[in-house]
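Structure first, commentary second.
Indexing begins at 1, ligand by ligand and atom by atom, following the structure's order.
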Amino acid sequence: MAKRPTVVHTVSALRREIARYRKDGKSIALVPTMGALHAGHLALVREAQKRADLVVVSIFVNPTQFAPTEDFGSYPRTMKTDVAALTTAKADLVWAPSPAAMYPEGFALKLAPEGPALAGLEDKFRPHFFGGVATVVAKLFTQVTPDVALFGQKDYQQLRVVTQMAKDLDFPVKVVGIATVREKDGLAMSSRNVYLSEVERRHAPVLYRTMKTCAARIKAGEPIAMVLEEGRGHIKQAEFAVDYLEARNALTLAPVSVLKDGPIRLLVAAKIGKTRLIDNLAV
Ligand code: PAF
């Protein structure tokens, strides 16, 4: 039977484990998560195992990246099954702080990322989000001192923000983005997919299908603005309210209007019922 990973809940217990790893000369990979683990997270763990001696998975539903109107209270919390999945995946350590351990009484810092964090995508609809993400990920990097940290490409703007933050703060960590894991019908795996009703779930793959069609048309030289406008229409027909479907430079996230402004990444966010989904695709 696989060995259950050690689970630590306090910064001091985490430090003890990390010091032990370092004394043995081991390299460390970090997979930051908010739990409710799915195949996408487990793919990050597998990739982490290829890149370092030991894999630390953090599980922390970070309150500072949710607006008061968002789903912090109802976000799925499945610690027991998460630890079971991480046992099977052979992760080494689970860092699961309480909110008070992460943000003790009197905590008074919030990073204010710019650059890719102000691209007019997620930041336009969730203005609080990247400040919360950058702050908690910087804390995770300080606490775990990873050599490499792995993030899913599904949260593409987040990946760009975290990469920039690690560079700007001189964290000696390699930030790596790992390809999105999809359901058979193309829907990107997400902890929030559990919110979808049966009917909404049937509609949900339209996001991926539309991006695929748009990517092929853009690659074939069709005008980007027209392709995206038709794409948005297509998504709306599947009962989604579209926040954005945009073509951006994959590195800077600056808007692109012609193919040569690339490499191009398509990014989409749309809401069906009460559930907001995001996804992205390389052109
Ligand atoms: O992508 C997530 O699950 C979260 O935003 C992260 C990176 C763990 C920070 O809370």
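- Of all atoms in ligand 1, numbered sequentially from 1 with element shown, those under 4.0 Å from a heavy atom of T33 are 8 (C).
- Atoms of ligand 1 found under 4.0 Å from any heavy atom of Q158, numbered from 1 in the order shown, are 1 (O), 2 (C), 4 (C), 5 (O), 7 (C).
- Here the closest heavy-atom approach between residue T87 and residue P5 is recorded as OG1-CD, 3.2 Å.
- Residues Y195 and P76 have side chains in contact (heavy-atom distance under 4.5 Å, counting atoms from C-beta outward).
- Considering backbone and side-chain atoms alike, Q65 places an N or O below 3.5 Å from some N or O of ligand 1.
- Close contacts of ligand 1 with P32, meaning ligand atoms under 4.0 Å from a residue heavy atom, involve 8 (C).
- Among all non-hydrogen protein atoms, the one lying nearest atom 3 (O) of ligand 1 is M34 CG, 3.6 Å.
- Atoms of ligand 1 found under 4.0 Å from any heavy atom of V136 (numbered from 1 in listed order, with element): 9 (C), 10 (O).
- The aromatic rings of Y244 and F125 sit tilted relative to each other, their planes meeting at an angle between 30° and 60°.
- Within a 6.0 Å sphere centred on CZ of R15, heavy atoms belonging to other residues, nucleotides or ligands number 12 at most.
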Stepwise side chain to side chain donor-acceptor pair (under 3.5 Å) test for Y103 and N62: CA-CA 10 Å; Y103 301 117; N62 175 34; 2.6 Å; yes
